[in-house]
Amino acid sequence: MPRDSTSAFYEENAEIYANRTRSLPKQQLDAFLAGIAPGGAILELGCGGGQDSAYMLSQGFDVTPTDGSAELARQAEVLIGRPVKVMLFQELDVDSAFDGVWAHASLLHVPRAELPDVFARIRRALRTGGLLHASFKAGEAEDHDGFGRYYNYPSREWLSALLTKGGWRNLAIEESDGGGYDGKPTRWLIVRVER
């Protein structure tokens, strides 16, 4: 993983970050899983501490957890009791292997210029009709937070145009207010889209 300020944060704070008190996004997880056949294959991009993968596994799905941080992957392995692949989004290179891709609060770290390629890689990794769930911190321009982590901060319109141009179908973007690790109020964009 490149030693930029975002990856450095996750490597250096992996144990604290992975074990923090965090509410499972259960409503979003259940809505996502409802669109996938029982036992379906799911790729989690940016699994962090592994809580979402653990939940999907408990529901009987075939989950492949990944994270760009080797330290976070190790933390997740302890929780879920199975290997976590250390992989950057830009390294995803499979065809029609998954029924769903869960990328909760992870793709928001992809530089804007690289997002079209990353979305194309995700689309290729999904089977026809496969679902992508992704969430982003809303904004108008790229920036860094107080921890030095990079965010692409897209607007709903910008994200919608990008996904439509990429050939995705049945695009739905919900907005909600919440928070993040930094404790600041956050406007979230929750994307659900089909290959």
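- The ring pair (Phe, Tyr, Trp, His ring centres under 6.0 Å) test applied to F32 returns W102, not counting sequence neighbours.
- Under the rule for a side chain to side chain donor-acceptor pair (under 3.5 Å), the partners of E194 that lie at least two apart in sequence or sit in another chain are R169, N170.
- Every side chain to side chain donor-acceptor pair (under 3.5 Å) that D117 has, sequence neighbours left out, goes to R121.
- Among residues two or more places apart in sequence or in another chain, the ring pair (Phe, Tyr, Trp, His ring centres under 6.0 Å) test is passed with Y153 by Y151.
- A salt bridge is defined here as a Lys NZ or Arg NE, NH1 or NH2 lying under 4.0 Å from an Asp or Glu carboxylate O, and R156 with E175 meets this definition.
- In terms of the side chain to side chain donor-acceptor pair (under 3.5 Å) criterion, residue partners of E142 (sequence neighbours excluded) are, by chain and number, Y150.
- For D143, the salt bridge (charged side-chain N to carboxylate O under 4.0 Å, His left out) test picks out no residue, with sequence neighbours left out.
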Please tabulate, for side-chain N and O atoms in residues 125-136, each donor-acceptor pair with protein atoms closer than 3.5 Å (sequence neighbours left out).
unit_1 : atom_1 : unit_2 : atom_2 : d
R127   : NE     : S96    : O      : 3.3
R127   : NH1    : D99    : OD1    : 3.0
R127   : NH1    : D99    : OD2    : 3.0
R127   : NH2    : A97    : O      : 3.1
H133   : NE2    : H104   : ND1    : 2.9
S135   : OG     : H104   : ND1    : 3.4
S135   : OG     : A105   : N      : 2.8

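- Considering only residues two or more places apart in sequence or on other chains, R112 meets the salt bridge (charged side-chain N to carboxylate O under 4.0 Å, His left out) condition with none of them.
- E174 pairs by the side chain to side chain contact (heavy atoms under 4.5 Å, CB included) definition with I190, not counting sequence neighbours.
- Judged as a salt bridge (charged side-chain N to carboxylate O under 4.0 Å, His left out), and not counting sequence neighbours, the contacts of D30 are K26.
- Applying the ring pair (Phe, Tyr, Trp, His ring centres under 6.0 Å) criterion to Y17, with sequence neighbours excluded, gives Y10, Y181.
- In this structure E140 satisfies the salt bridge (charged side-chain N to carboxylate O under 4.0 Å, His left out) test with no other residue, sequence neighbours excluded.
- Between E71 and R74, at least one side-chain N (NZ, or NE/NH1/NH2) sits under 4.0 Å from a carboxylate O, which counts as a salt bridge.
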